[in-house]
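Worksheet for the structure shown next.
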Amino acid sequence: MDKVIFHIDVNSAYLSWEAIYRLQHGETLDIRTIPSAVGGDPKKRHGIILAKSIPAKVFNIQTGESLMEALKKCPSLYLAPPRYELYIKSSNAMVEIIKEYASQIQRYSIDECFVDVTDSLKLFGDPVELANIIKERIKTELGFTVSIGVSSNKLLAKMGSDLKKPDAVSTIFPLEMSEKMWPLPVGDLFMVGRATIPKLGAMGIYTIGDLANSDPEILKFTLKSHGILIWNYAHGREYSPVKKSNHLIIKSIGNSTTIAFDVETRREAHLVILSLCEMVGMRLRDSGYMTRLVGISIKNNLFEHASHQEKFNLPTDQTNEIYEVARRLFDALWDGSTIRHLGVRVSEFCENDFTQISFFDGISRDKQRKLDQVVDILRGRFDASAIMRGSFVGSGIRPMTGGIGEDDFPMMGSIL
DNA sequence: TCTGGGGTCCTAGGACCC
DNA sequence: TCTGGGGTCCTAGGACCC
């Protein structure tokens, strides 16, 4: 028997949640009713639009464009800074309601989840009716609207939730694909992005239907395995299960930042990298893993990207050791150009429950680990600046840089 | 268009080994 | 010494997602 899968997507999530929070805290204006947006941190030099209200759409405000660009289009645009702790709470509240109807829930991002309701239908009968029940409960109890896609796999459910917004339930069962999905522009298909659209266009492929009817051998030749993937998606073929728990294996941890001022000196760059390593190191220790690979990335003021990475044999979870490698990589990579953005990432994890102690540095390593632990605890109890390396004092650079602390749940990015 | 920050996976090319 | 080929690891960069 076919499965029945829902994809539930919060409409203008950040903006809706922000609006409700303000109404609950005594404001009378519902910012959903005026041109408004949740936008990047105003402290940074160039924030972007993360979510917009429906009245803001009239001004052609786009998600992802810079605040300056948006204000040019609509000078009266009301801007609210993001409030991530609120979004996590709002997201959790929604999932609590969904849990009453199904046990198989996969949180795909903060505002989206997949639900396998195959078994629930024995109790609730019609899938569209069940979707409407969930949608209405979220609306009346939590105050925001969702769009729900209904189908027999995750891909088609996800495509379905995009068909109608806000506050809607749409189906794309396999028999409805040719009518509901094939006429759409090919860029609407999951996994067909900015770089792929023109390549497909050059082959005369403009709609999802064109893609479905194209020759997979030719797609494979130009787009490699990605070509086969999207050809299968165009046919609605996708078989991954709704992963029940949120227990998934983290593959890498990274933080990066666009620096509030141009960085021209090695010394400043080193401080920013140390600040990123502090955050990456704390998150790594929090995850319970050790890393065997450290990488850094640089973006200069011409938006040119460069990266370096290094693999090593002795795993570590120490800020100091991560920083040593990151700094060395930076020094080898940097060409002296003005720096706009720096990133540090660790990956290639292994468990840290047994520690390989090398003969040479065993004792000092152990001491350093204990120091990291104490710092983590103090920072958990107070905040990042509770304990600060001397080199940061008066530098204008924060002692820790980057987001996503303890409360994060993983976003799956481009895999279903 | 003056373009954030968090991730994942894939590919090509070079190094190195047998 | 020069030659070929297969396998694996490492690295840089690019593509996609939210």
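Keep in mind that what you see is a predicted model, and the values were worked out from it rather than measured.
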Practice task
Answer yes if the ring centres of Phe6(A) and Phe114(A) are under 6.0 angstrom apart, and no otherwise.
Solution key: no

Practice task
Please check if any side-chain donor atom of Asn11(A) sits under 3.5 Å from a side-chain acceptor atom of Thr145(A), or the reverse.
Solution key: yes

Practice task
Indicate whether any N or O donor in one side chain lies under 3.5 Å from an N or O acceptor in the other, for Ser252(A) and Ser347(A).
Solution key: no

Handout entry: OP1 or OP2 of dG5(B) under 4.0 Å from side-chain N/O of Asn255(A)
Key = no

Problem - N/O (side chain, His305(A)) to phosphate O (OP1/OP2, dG14(C)) under 4.0 Å - result: no

Which pairs, protein N/O on one side and nucleotides 7-9 of chain C N/O on the other, fall under 3.5 Å?
none

Completion exercise
Which of dG5(B), dT3(B), dC17(C) is nearest the side chain of Met68(A)? It is dT3(B)

Completion exercise
Taking dC18(C), dC2(B), dT11(B) as options, the one with an atom nearest any side-chain atom of Ser109(A) is dC18(C)

Problem - Flag, side chain of Trp231(A) to backbone of Ala212(A), donor-acceptor distance under 3.5 Å - result: yes

Problem - Expected output: side-chain Trp334(A) to main-chain Ser337(A) donor-acceptor under 3.5 Å - result: yes

Would you classify [X] as touching base, sugar-phosphate or nothing, given that sugar-phosphate means primed atoms plus P, OP1 and OP2, and contacts are heavy atoms under 4.0 Å?
X	answer
Lys299(A)	sugar-phosphate
Gln62(A)	nothing
Gly254(A)	sugar-phosphate

Problem - Neighbour count >12 (heavy atoms, 6.0 Å) for atom CG, Leu302(A) - result: yes

Handout entry: salt bridge (charged side-chain N to carboxylate O under 4.0 Å, His left out) between Glu18(A) and Arg22(A), worked out
Key = CA-CA 6 Å; Glu18(A) 182 67 32; Arg22(A) 289 171 178 230; 2.8 Å; yes

Exercise for the section: Could you walk me through whether Lys72(A) and Glu69(A) pass salt bridge (charged side-chain N to carboxylate O under 4.0 Å, His left out), step by step? Expected result: CA-CA 5 Å; Lys72(A) 247 184 260 171; Glu69(A) 207 63 27; 3.6 Å; yes

Fill in the blank from the handout: Base-pair string, DNA chain B, Watson-Crick plus G-U, cut-off 3.5 Å on both distances, | for inter-strand, is ....||||||||||||||

Problem - Earlier contact from the 5' end, DNA chain B, for Gly64(A) and Ser225(A) - result: Gly64(A)

